[in-house]
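Notes to accompany the following structure.
Owing to the predicted nature of the structure, the values given are computational and were not obtained by experimental measurement. Order of the sequence lines fixes the chain letters, A, B, ..., with proteins taken first and strands second; residue numbering starts at 1 for each chain.
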Protein chains: 4
Amino acid sequence: MAGNSFGTLYKVTTFGESHGEALGGIIDGCPPGIQLDFEEIEVDMARRKPGQSAIVTQRKEPDSVQFLSGIFEGKTTGTPIGFIIPNTNQKSDDYSHIKDNYRPSHADYVYDQKYGLRDYRGGGRSSARETASRVVAGAIAKQMLPEIKINAYVSSVGPIHLDTPYQELDFSKIESNPVRCPDEKSAAIMEEYIRDIRKQGDTVGGVVTCVIQNVPVGLGEPVFDKLHAELGKAMLSINAVKGFEYGSGFSGSEMKGSEHNDLYNPDGTTKTNLSGGIQGGISNGMDIYFRVAFKPVATIMQTQDSLDNKGNITPMTGKGRHDPCVVPRAVPIVEAMAAIVLADFYLINKTY
Amino acid sequence: MAGNSFGTLYKVTTFGESHGEALGGIIDGCPPGIQLDFEEIEVDMARRKPGQSAIVTQRKEPDSVQFLSGIFEGKTTGTPIGFIIPNTNQKSDDYSHIKDNYRPSHADYVYDQKYGLRDYRGGGRSSARETASRVVAGAIAKQMLPEIKINAYVSSVGPIHLDTPYQELDFSKIESNPVRCPDEKSAAIMEEYIRDIRKQGDTVGGVVTCVIQNVPVGLGEPVFDKLHAELGKAMLSINAVKGFEYGSGFSGSEMKGSEHNDLYNPDGTTKTNLSGGIQGGISNGMDIYFRVAFKPVATIMQTQDSLDNKGNITPMTGKGRHDPCVVPRAVPIVEAMAAIVLADFYLINKTY
Amino acid sequence: MAGNSFGTLYKVTTFGESHGEALGGIIDGCPPGIQLDFEEIEVDMARRKPGQSAIVTQRKEPDSVQFLSGIFEGKTTGTPIGFIIPNTNQKSDDYSHIKDNYRPSHADYVYDQKYGLRDYRGGGRSSARETASRVVAGAIAKQMLPEIKINAYVSSVGPIHLDTPYQELDFSKIESNPVRCPDEKSAAIMEEYIRDIRKQGDTVGGVVTCVIQNVPVGLGEPVFDKLHAELGKAMLSINAVKGFEYGSGFSGSEMKGSEHNDLYNPDGTTKTNLSGGIQGGISNGMDIYFRVAFKPVATIMQTQDSLDNKGNITPMTGKGRHDPCVVPRAVPIVEAMAAIVLADFYLINKTY
Amino acid sequence: MAGNSFGTLYKVTTFGESHGEALGGIIDGCPPGIQLDFEEIEVDMARRKPGQSAIVTQRKEPDSVQFLSGIFEGKTTGTPIGFIIPNTNQKSDDYSHIKDNYRPSHADYVYDQKYGLRDYRGGGRSSARETASRVVAGAIAKQMLPEIKINAYVSSVGPIHLDTPYQELDFSKIESNPVRCPDEKSAAIMEEYIRDIRKQGDTVGGVVTCVIQNVPVGLGEPVFDKLHAELGKAMLSINAVKGFEYGSGFSGSEMKGSEHNDLYNPDGTTKTNLSGGIQGGISNGMDIYFRVAFKPVATIMQTQDSLDNKGNITPMTGKGRHDPCVVPRAVPIVEAMAAIVLADFYLINKTY
């Protein structure tokens with residue numbers, strides 16, 4: 001109930017603060033006999049880790065995962081997969097200035113109010129570093145479902161939008177630039193914009209679009225556990241996410257039924273896909289696509305007022321090395337959470 | 001796992017098809033000693049029920065709820081509250097034409113694929129009639145948390161948007177018009193638009209905005225069960241919902257950190273509230289507000305191609321009495337799901 | 001969390017007080033396409049219901065179940081099965097004498113302490129009448145697993161024990177006598193003993209033995225959800241149960257390893273079965289057998305001291321019609337809970 | 001669902017094979033602000049670990065726990081407590097002889113059948129080494145509930161029974177002898193018996209009795225999650241357990257109601273306590289006591305037939321250093337599981 005588990009049959013539980021000894025987690029319910037490609041897991045870890053390019057935070061975190069159980073001779077055994085990601089390069093003194101201070105739009109204040117105390121070092125449990133564990137669990141989920149293709153990419157950075165429909169994009173170019181935008185022109189503009197924002201000591205938000213292909217018909221459970229409802233929860237649980245829409249999304253609310261309905265082909269596919277691959281909460285075999293909105297990172301290198309725990313307003317300037325724009329590193333996290341949701345519903349669907 | 005329960009400590013499980021004998025549910029975990037106001041429950045039921053105004057479906061469904069347990073001498077006892085809502089006015093023969101046909105953008109096809117059979121009468125389990133049970137559970141959740149104020153309203157119908165910030169609206173006017181839009185001018189335009197859509201035999205989508213006030217600090221659980229993540233799942237689980245955003249939402253993704261951060265007042269409140277009353281997944285005491293996008297109802301009174309279960313494309317014209325616009329009746333459902341989420345987190349928060 | 005659900009994939013949630021309008025429940029997760037034999041369900045209901053023979057309570061409760069959802073044209077649809085069992089013959093005034101009194105060894109006192117109020121009519125939620133809903137859910141679970149044979153029987157009544165190994169008993173004789181003991185001689189002695197106890201206005205406990213045959217290998221989950229751990233919880237959750245043992249049970253604790261180990265046959269079966277069909281929490285294909293101890297019913301027709309809610313000790317004499325011995329009617333309840341556990345693990349095992 | 005979690009609000013998830021890199025777990029839901037006494041945790045770990053006395057296995061396992069998260073400056077923070085117990089002294093080659101062989105009354109066969117593969121080293125996930133993680137979680141649960149006193153002790157070893165009622169025993173003597181039997185005479189006889197069994201290369205079972213005192217009224221949830229049902233499941237989930245009884249237990253099934261009922265004192269306590277401190281599944285404030293039956297350890301130093309994975313019966317002699325009698329080391333495990341159950345119900349009870 002304390003909110004550190006996700007999924008029911010493919011269940012991921014994570015632990016760890018940004019400046020404790022290690023992060024980690026347990027994946028319970030992964031089926032036995034899956035031959036794991038550990039390099040693939042490291043690839044996703046590397047896509048999320050800090051310091052990977054000039055436009056993300058320059059912190060160094062090796063982020064190597066150590067598997068402690070549930071794998072024997074390279075294969076999953078069906079028993080829980082325990083893993084840790086040591087925190088090797090944390091300097092606790094970097095954070096002494098926030099011990100008694102609540103940074104604006106951070107979780108410092110609510111943690112103190114809710115728990116009566118907090119591990120103030122680097123955001124503690126509310127740090128986005130926790131998502132490293134999600135990437136591990138998602139990377140294994142992807143390998144559990146090799147036929148399903150999940151591709152996320154950056155579709156907007158601040159005011160700069162890539163409006164090209166995903167069908168016209170070449171997903172193989174997502175990793176060709178540090179923004180993770182498959183359209184090279186847009187990527188260049190976005191990158192320039194992020195560099196400029198960083199020079200200002202500021203940050204900016206953005207949107208990640210995710211496309212899931214080759215999904216079998218039947219994943220998702222009515223009534224409350226609709227596939228898109230779980231995807232939405234999964235995405236909204238990622239740090240800094242403010243919105244989620246799938247298929248026609250918010251723009252679908254402006255349409256008429258006669259325009260919005262997806263007419264069938266004789267084979268059960270549909271001519272259009274405003275539904276976004278999901279009907280009544282259940283996958284219909286068409287592409288699933290959705291958009292996830294991220295707010296700008298709250299830690300900026302400018303001076304802003306903070307609140308201390310005695311009720312005084314005091315100016316504070318961000319220290320450390322933070323992301324000017326979170327979305328490039330969010331791409332593998334979005335994919336990971338999508339994979340976890342699909343793995344879970346895949347297993348649930350086997351029970352019918 | 002089969003998706004018919006919502007919540008963990010305030011747990012709602014529903015059952016029922018649109019044309020079975022009854023819908024109903026069980027509320028498990030409602031604390032003892034709550035003096036119930038049954039009229040208030042009926043008020044919310046009446047706001048959801050068909051036939052309440054000229055711009056919603058003209059079906060007659062009395063929708064009266066019968067409580068079978070968990071209440072003694074007007075008070076909750078702490079034992080599960082079982083309830084049923086009989087289906088009194090269902091004519092099964094109305095639906096014989098869809099027995100072997102999959103209506104576009106309905107769940108017919110995926111149910112048949114997933115389960116191998118379906119109760120084809122009126123949408124069966126995928127019918128929005130299921131939401132009646134949610135309204136019952138939400139109405140009791142509201143009474144469990146009398147200090148919290150939940151107000152939802154229609155903020156757009158098709159292309160017609162009410163852009164006034166919620167702070168400038170008078171929530172007492174929400175029920176003054178059949179659209180449930182608190183701005184009377186906008187309401188009149190929206191109503192006219194819906195009447196026009198209905199004449200065309202068409203339908204239209206819309207947006208419901210929800211504002212939650214007087215929430216104590218501390219509701220919501222990191223990491224996966226963030227308050228907004230559960231609210232998002234709750235809303236996305238409502239039929240026809242395509243998107244959810246809270247606080248600054250998608251527009252927040254275009255902002256800079258220096259603009260988006262909510263600076264503190266000495267009492268822990270914030271000068272702005274782009275965060276939408278939630279930090280790190282936990283309520284901070286400010287107003288929570290979010291927007292929910294609904295697609296147009298798929299059943300239209302025009303002729304569209306459908307697919308039969310032998311792979312033939314056949315034209316079909318909607319029968320029965322359907323909503324030209326779903327959002328006026330969705331308002332109490334949005335409120336109900338919000339109340340259920342808050343009741344659940346309220347109980348969880350008592351365990352610290 | 002409030003304890004009214006059992007199972008994870010075959011999940012049963014029940015509601016209802018003994019003197020409310022109805023008992024009932026929801027079965028969520030029953031696979032689609034099961035052709036239900038409603039007469040079989042009624043048979044199990046009849047085995048549990050009061051008034052069925054001279055040695056059980058003479059209360060009249062028709063106990064007919066009404067299914068409200070989840071079944072279409074006689075088959076399960078995969079959607080939740082809602083059902084109610086109306087309380088038709090309850091006289092509330094029978095119970096006014098216990099409104100302010102706590103009967104010895106009943107739940108009256110703890111309910112008042114825990115919840116601050118209670119539905120005092122007939123034991124309310126703590127009444128064994130709740131088990132009627134379990135029998136419904138168990139009867140459907142049995143039909144979901146037609147190859148598995150579950151036979152429970154009375155193996156002791158008070159001091160009278162049937163020590164014959166189950167392998168030497170003819171299960172077809174269980175229903176040939178009102179005690180539900182398959183050994184006719186023992187049954188006659190037990191019946192005579194129960195009649196005598198009833199004449200004394202007293203009650204007596206007993207033991208139910210349950211044998212499950214044709215279980216596939218692989219049901220049960222390590223570590224915490226061992227098959228026998230869930231069976232144990234299921235049995236201990238039945239009213240009046242004080243103990244559970246499986247396989248060699250308590251007597252196994254007196255044995256040596258060299259005696260207790262079950263040696264293999266080449267086909268994976270074992271020469272002996274002291275393990276009781278379960279190894280490491282997982283079924284091994286051999287017969288599962290276990291014993292469930294029931295205490296004597298607390299309501300006796302003699303005068304005993306009770307406590308009122310003002311702290312006074314007052315003599316009280318049982319009223320109404322209670323079971324002199326609970327075990328004959330417990331037999332179908334034990335079977336039902338066993339079937340629910342097996343159905344749940346059967347579905348979980350499909351996810352590997 | 002895969003069975004590696006226990007508890008709902010105080011939720012323990014464990015991972016780890018006996019010969020992997022480490023065992024460990026996550027405790028989710030532990031309230032914040034608990035000042036931990038790490039020495040107390042080590043004391044319980046030492047009571048469980050091998051090699052602690054002459055009558056248990058002579059394997060050397062340091063069993064030191066490393067906490068990775070959820071604790072800051074010695075206090076719990078309310079975030080998940082992740083911990084690992086490294087496997088430092090495991091020699092995998094010790095177990096090559098069981099790679100293709102199924103030992104009698106072990107889980108080897110069922111694991112292979114269920115999962116299609118297994119980590120055969122030392123029993124893998126089915127090894128009782130997993131219980132080290134339970135002891136960690138139980139030790140913290142004890143510190144969460146300092147007023148509740150949990151004392152378990154060995155009450156029988158093979159045919160040697162300590163029949164003294166627990167009220168007449170001095171619990172401070174439990175740790176005074178390696179058997180963990182508080183009666184010194186019985187302890188000496190038991191110890192002698194175990195030494196003799198070990199010389200024979202054999203093993204023997206036994207019984208652990210547990211007494212829980214100072215429990216507040218109101219813990220436990222009707223209907224399915226009765227306090228004794230969860231205690232029963234908790235105990236039955238421990239390796240080698242074959243039976244559980246509480247209060248009057250199996251002997252209560254032989255009694256009459258007039259003898260078994262516990263009459264009240266004016267303060268709500270009872271004159272007798274055959275109920276075992278629980279009424280209707282809810283603690284009534286009296287002592288809770290129960291008995292747990294353990295079978296003899298299956299690995300014996302004698303030669304017995306095993307089955308190989310090609311269907312051949314082959315003689316096998318146990319290697320390594322195994323416990324001749326499991327119950328002395330089981331005492332802290334029984335206490336730990338009891339503490340986890342109580343912590344969980346304590347938190348649940350706070351929600352009313």
Engaged part of B:Glu259 at the chain A interface, taking heavy atoms whose separation is under 4.5 Å
neither
Taking A:Lys233's backbone N and O only, do any of them form a donor-acceptor pair with B:Lys233's side chain (distance below 3.5 Å, no angle check)?
no
For A:Ser237 and A:Arg134, does a side-chain donor sit closer than 3.5 Å to a side-chain acceptor?
yes
Is it the side chain or the backbone of A:Thr270 that comes within 4.5 Å of chain B heavy atoms, both, or neither?
neither
Per-residue contact mode, B:Val223 against chain A (heavy atom under 4.5 angstrom):
both
Engaged part of B:Asp202 at the chain A interface, taking heavy atoms whose separation is under 4.5 Å:
side chain
When B:Pro216, B:Gly268, B:Gly123, B:Gly232 are compared by non-hydrogen pairs under 4.5 Å with chain A, the top option:
B:Gly268
Please state whether the side chain, the backbone, both or neither of B:Leu231 comes within less than 4.5 Å of a heavy atom of chain A.
neither
Does any donor atom in the side chain of A:His260 or A:Ser248 lie under 3.5 Å from an acceptor atom in the other side chain?
yes
Tell me, side chain or backbone of B:Ser251 under 4.5 Å from chain A's heavy atoms, or both, or neither?
neither
Salt bridge or not between B:Glu245 and A:Arg291? Use side-chain N to carboxylate O under 4.0 Å.
no
Most contact-rich option vs chain A, by heavy-atom pairs under 4.5 angstrom, among B:Asp225, B:Asp305, B:Ile160, B:Asn261, is B:Asn261
Under a 4.5 Å cutoff for heavy-atom pairs, which residue among A:Ala234, A:Pro104, A:Gly280, A:Gly285 has the most contacts with chain B?
A:Pro104
Relative to chain A, which segment of B:Phe15 carries a heavy atom at a distance below 4.5 Å: side chain, backbone, both, or neither?
neither
Can you check whether A:Ser105's main-chain N or O pairs, donor with acceptor, with B:Asp262's side chain at less than 3.5 Å?
no
B:Ile300 portion near chain A, given a 4.5 angstrom heavy-atom threshold:
side chain
Of the backbone (N, CA, C, O) and the side chain (C-beta and beyond), which part of A:Ile313 lies under 4.5 Å from a heavy atom of chain B, both, or neither?
side chain
Applying the side-chain hydrogen bond (donor to acceptor under 3.5 Å, both in side chains) criterion to B:Asp196, which one of B:Lys199, B:Arg198, B:Gln200 satisfies it?
B:Gln200
Distance-only polar pair, side chains of B:Thr269 and B:Asp267, donor-acceptor under 3.5 Å:
yes
Cation over ring face, B:Lys242 and A:Tyr246, 6.0 Å, 45°
yes
Is there a donor in the side chain of A:Asn284 and an acceptor in the side chain of A:Ser275, or the other way round, less than 3.5 Å apart?
no
Answer key: most heavy-atom pairs under 4.5 Å with chain A among B:Val12, B:Leu219, B:Asn265, B:Val157 is B:Asn265
Output yes when B:Glu230 and B:Lys226 qualify as a salt bridge under the 4.0 Å nitrogen-oxygen rule, no when they do not.
no
Side chains of B:Asp308 and B:Tyr102: is there a donor and an acceptor less than 3.5 Å apart?
no
Output the option from A:Val326, A:Val110, A:Val204 having the highest count of non-hydrogen pairs under 4.5 Å with chain B.
A:Val110
Contact leader toward chain A among B:Ser253, B:Gly243, B:Gly205, where contacts are heavy-atom pairs under 4.5 Å
B:Ser253
Cut-off 3.5 Å, side chains only: do A:Asn4 and A:Arg125 have a donor facing an acceptor?
yes
Judged by modelled atom types alone, do A:Ser133 and A:Thr14 share a side-chain donor-acceptor pair under 3.5 Å?
no
Chain A heavy atoms under 4.5 Å from B:Met337: which part of the residue, side chain, backbone, both or neither?
side chain
Pairs of heavy atoms under 4.5 Å with chain B: top-ranked of A:Thr351, A:Val241, A:Thr299, A:Val327
A:Val241
Under 4.5 Å heavy-atom distance to chain B, tell me which part of A:Asp108 shows up: side chain, backbone, both or neither.
neither
Heaviest contributor of heavy-atom pairs below 4.5 Å to chain B, chosen from A:Ile348, A:Thr131, A:Asn349, is A:Asn349
What part of B:Phe244 is in contact with chain A, defined as an atom under 4.5 angstrom from a non-hydrogen atom: side chain, backbone, both or neither?
both
B:His106 versus chain A, heavy atoms under 4.5 Å apart: side chain, backbone, both or neither?
backbone
At a heavy-atom distance under 4.5 Å, which candidate from B:Gly218, B:Pro159, B:Gly116, B:Ala229 has the highest pair count against chain A?
B:Ala229
Looking at chain A, which one of B:Ser156, B:Ala107, B:Gly206, B:Pro324 has the largest number of heavy-atom pairs inside 4.5 Å, strictly under?
B:Gly206
I'd like to know which of A:Ser126, A:Pro222, A:Gly201 tops the heavy-atom pair count under 4.5 Å against chain B.
A:Pro222
Is it the case that atom CZ in A:Phe250 sees more than 12 heavy atoms from other parts of the structure closer than 6.0 Å?
yes
Contact leader toward chain B among A:Lys310, A:Gln113, A:Gln304, A:Gln302, where contacts are heavy-atom pairs under 4.5 Å:
A:Gln304
Under 4.5 Å from any heavy atom of chain B - which part of A:Ser283
backbone
Do any N or O atoms from the side chain of A:Tyr109 and from the backbone of B:Tyr264 form a donor-acceptor pair under 3.5 angstrom?
no
